[in-house]
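Below is one structure; the comments refer to it alone.
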Number of protein chains: 2
Amino acid sequence: MGPVPAAASPAPRRGRGRPSSPVLTTDGITAAAVALLEERGQDGLTMAALARRLGVAPSALYNHVATKQDVLRAVQDAVNRGIDCSGFGRLPWEEALAAWARSYRDAYERHPALVPVMAVTPVRSAPHTVAMYERVSSGLLSAGWPAHLVTNVVVAVESFALGSALDTQAPADIFDPGDLAPSAPGFTTANAARPAGDTARAAFELGLAALLAGLRDLLRSPS
Amino acid sequence: MGPVPAAASPAPRRGRGRPSSPVLTTDGITAAAVALLEERGQDGLTMAALARRLGVAPSALYNHVATKQDVLRAVQDAVNRGIDCSGFGRLPWEEALAAWARSYRDAYERHPALVPVMAVTPVRSAPHTVAMYERVSSGLLSAGWPAHLVTNVVVAVESFALGSALDTQAPADIFDPGDLAPSAPGFTTANAARPAGDTARAAFELGLAALLAGLRDLLRSPS
DNA sequence: ACCTGAACACCGTTCAAGT
DNA sequence: ACCTGAACACCGTTCAAGT
């Protein structure tokens with residue numbers, strides 16, 4: 001699968017039957033879906049909207065993908081392609097893992113609708129996703145992590161990154177208890193003391209630092 | 001809000017106009033929605049199915065809730081009510097936090113459809129959710145955590161628990177690279193070495209141990 | 001093989017009409 | 001105030017008909 005070309009917006013076809021050369025490709029559909037998701041958010045990605053952007057009838061899409069879920073899987077692989085794994089083999093594993101986690105969270109912050117898809121979609125037939133896991137896994141193995149722990153480390157960091165990506169979608173007042181404040185003094189105190197700014201990022205960085213420190217300990221003193 | 005009563009399945013009403021006493025209550029709708037979600041999964045919760053279970057026309061629901069999102073919010077508060085916060089004030093904070101995280105993950109493992117809802121829904125008018133955060137926040141404050149860090153600690157643990165809850169929904173073969181195995185030797189090695197059994201739980205426990213160890217360090221040596 | 005256009009079974013939600 | 005039943009604007013998906 002080559003680089004995903006930018007989606008054009010061709011004029012609607014007027015002919016009735018089979019076109020002389022195919023109008024749609026899987027890569028084109030994927031690119032249009034990514035663009036739609038980025039421009040219009042998760043509810044903006046409908047098969048009808050996708051077809052319109054591609055200048056085609058909705059039913060035409062089903063000559064190239066079996067279901068909408070197929071489209072989401074392809075989009076997810078395109079998103080994973082953009083995640084930075086370049087630190088592995090070049091930097092100490094803690095730094096490579098931290099950079100991967102940050103990039104992972106940022107990618108899914110832009111595509112929160114894909115978080116449940118990512119958690120559940122098999123990697124086979126998702127080449128960029130497999131390539132990502134290969135870099136991470138072999139990086140951890142080379143750094144001295146025992147093979148039987150590597151996937152659990154990857155999944156733990158991934159779960160944290162995906163949960164943190166969802167957290168970026170929270171409204172600023174998510175923890176405002178409203179009328180219930182009098183019944184929650186400790187909660188209210190803690191919220192008032194939380195520094196303003198990018199709170200989601202602050203929570204992510206705190207958790208990431210703790211997680212990495214704990215993993216470092218674990219690797220040093222195996223149980 | 002009292003305990004949510006088990007949802008009965010009343011015979012459909014036959015009369016045409018306003019009933020002599022209301023047939024629906026918000027609590028009843030919530031309980032039926034929880035049951036539906038548990039029995040039929042996330043796609044099983046439709047306004048039509050909810051109405052049928054309550055012996056009512058779909059449009060009748062809109063006298064009690066404004067949108068389906070309202071129903072999900074109420075369900076989420078009911079789910080949060082079942083999360084165990086009992087350790088705070090009784091056990092060392094690390095143990096209380098660990099028990100909370102485990103219970104949190106388990107609750108959302110049963111309701112993965114609510115994970116994106118939980119990450120984004122304001123707590124006001126969700127009394128059990130506020131009560132949960134109050135126990136956790138005041139527990140951490142009493143244990144000596146600086147107020148400005150408490151909410152970030154809570155959010156970090158929560159993000160990890162929610163991400164891990166999603167991970168429980170992954171199929172067993174999610175990491176099977178299929179045809180792509182030759183291009184991913186390290187990934188394949190790591191997967192082969194991963195112990196069989198409840199792999200999602202193993203990853204969660206590894207990450208939780210690391211996260212808590214890191215938080216312990218952080219509390220001891222503040223930056 | 002790969003498109004169009006009509007059709008299907010759903011979805012959440014609105015609203016007039018009934019009591 | 002709180003229900004019914006009809007209706008609306010959508011949704012993903014199927015399929016015969018065209019070239």
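Just so it is clear: chains get the letters A, B, ... in the order the sequence lines come, proteins before strands, and each one is counted from 1.
- Residue side chain S59(A) reaches the base of dG5(C) through a donor-acceptor N/O pair under 3.5 Å, judged by distance alone.
- Checked by atom type, the side-chain pair D167(A)/S159(B) shows no donor-acceptor distance below 3.5 Å.
- One interatomic measurement links the two molecules: CZ of R52(A) to P of dC3(C), which rounds to 18 Å at whole-angstrom precision.
- Summarising the geometry, the separation between NZ on K68(B) and C1' on dC10(D) is reported as 14 Å, rounded to the nearest angstrom.
- Straight-line distance from the CG atom of L72(A) to the P atom of dC11(D): 15 Å, rounded to whole Å.
- In this entry the distance linking CG of N63(B) with P of dC15(C) reads 13 Å, nearest Å.
- Look at dT4(C): its Watson-Crick or wobble partner, with both distances under 3.5 angstrom, is dA16(D).
- Residues F160(B) and F160(A) keep their aromatic ring centres 6.0 Å or farther apart.
- If you check dC3(C), dT13(C), dC2(D) against the side chain of P19(B), the one that comes closest is dC2(D).
- Of the candidate nucleotides dC11(D), dT13(C), dT13(D), dC11(D) has the atom nearest to the side chain of A48(A).
- Ring geometry for F187(A) versus Y133(B): interplanar angle under 30°, hence parallel rather than tilted (30 to 60°).
- Rounded to whole Å, the distance from CG on L50(A) to C1' on dC11(D) is 14 Å.
- Nucleotide dA9(D) has no partner under the Watson-Crick or G-U criteria, as no pair reaches both atom distances under 3.5 Å.
- One interatomic measurement links the two molecules: CD of Q42(A) to C1' of dG12(D), which rounds to 17 Å at whole-angstrom precision.
- Following rounding to the nearest Å, D43(B) (CG) and dC11(C) (C1') show an atom-to-atom distance of 12 Å.
- A donor and an acceptor atom, one from each side chain of N80(B) and Y108(B), are located under 3.5 Å apart.
- The phosphate of dA1(C) (OP1 or OP2) has no side-chain N or O of H64(A) nearer than 4.0 angstrom.
- With no hydrogens or angles considered, a side-chain donor-acceptor pair links D77(A) and H128(A) at under 3.5 Å.
- Here the side chain of T46(B) is nearest to one of dT4(C), dC11(C), dT4(D), namely dC11(C).
- Between dG12(C), dT4(D), dT13(D), one nucleotide has an atom nearer to the side chain of A60(B) than all others, and that is dT4(D).
- The distance between atom OH of Y62(B) and atom P of dT13(C), rounded to the nearest whole Å, is 4 Å.
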